[in-house]
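One structure is given here, and the rest of the page talks about it.
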Amino acid sequence: MRIDILSVLPELLESPLNHSIMKRAKDKGLLEVHTHGLRTWAVNKYGQVDDYQFGGGAGMVMMCEPLVNAIESLSAGTTYDEVIYLTPDGERLNQRIVNQLSLKQNLLMICGHYKGIDDRVREHFVTREISIGDYVLSGGELAAAVLTDAIGRLLPGVLNDETSALFDSFQDDLLAPPVYTRPADFRGWKVPEVLLSGDPKKVDEWRHEQSLSRTRTRRPDLLDEDA
Ligand code: ADE
């Protein structure tokens, strides 16, 4: 998979996307992430990419011209399955959306700043708008990093244990069960007996029950079929 990310602050993306599992995904050639500084397409030699908003009001708006030139120039070399704008007023990200996006070949993510991007870019180029939660970040970069991480770890071959992503919280609309490691007794706090039983069927049953009860108490909305 290839992900291109368009941003006024591409430096913000460097660390989150170049360590741990994202690094492994890149090193194995399973995920290519290319960040692009929007000022490459600035409208003048001062690097301008934003301007005052029509109608007045505080806050700058990212201009059409640099964004459209950037999108068109990147699209000349890559056919994007989705052009995603990260924005607090997009659809709220969940595992279902991450799963869908992990099946695509090429994604372009646009990070907004200030008041956001000129709405004509959204209307004519953006195919999907995603929010990572009901709060406002100072820019879309961290949201793009979150989305890239969530997608990247699902690509086949990225995780060592091929099955482990299947047991993540949310993968089946249930939260993950509790986990323990050695020692089996720490300060008298004991690991549940069933996990030491060596009986995989019993362990599976126990984990499923734990997942259900955790979901019921912490996130009953996930069990609500209409949600
Ligand atoms: N940009 C600013 N806030 C955001 C959010 N919550 N999700 C996605 N992009 C954003």
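Read the numbers this way: they start at 1 and go in the same order the structure lists the ligands and their atoms. It should be emphasised that the depicted structure is a prediction, and the values quoted were computed from it without experimental measurement.
Residue W189 shares its hydrophobic cluster (ILVMFWY side chains chained together at separations under 4.5 Å) with F186.
Interatomic distance, N99 CG to N94 CG, rounded to the nearest 0.5 Å: 8.5 Å.
S131 contributes a side-chain N or O that, together with a main-chain N or O of G133, makes up a donor-acceptor pair within less than 3.5 Å.
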Which pairs of nitrogen or oxygen atoms, taken one from ligand 1 and one from the protein, are under 3.5 angstrom apart?
unit_1, atom_1, unit_2, atom_2, d
ligand 1, 3 (N), L137, N, 2.9
ligand 1, 6 (N), G133, O, 3.1
ligand 1, 6 (N), Y135, O, 2.8
ligand 1, 7 (N), I132, N, 2.9
ligand 1, 9 (N), T87, N, 3.2

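A donor and an acceptor atom, one from each side chain of E14 and N18, are nowhere located under 3.5 Å apart. If you check the side chains of E141 and S7, you find a donor sitting under 3.5 Å from an acceptor.
Side-chain contact between M62 and H113 is present, with at least one heavy-atom pair separated by less than 4.5 Å.
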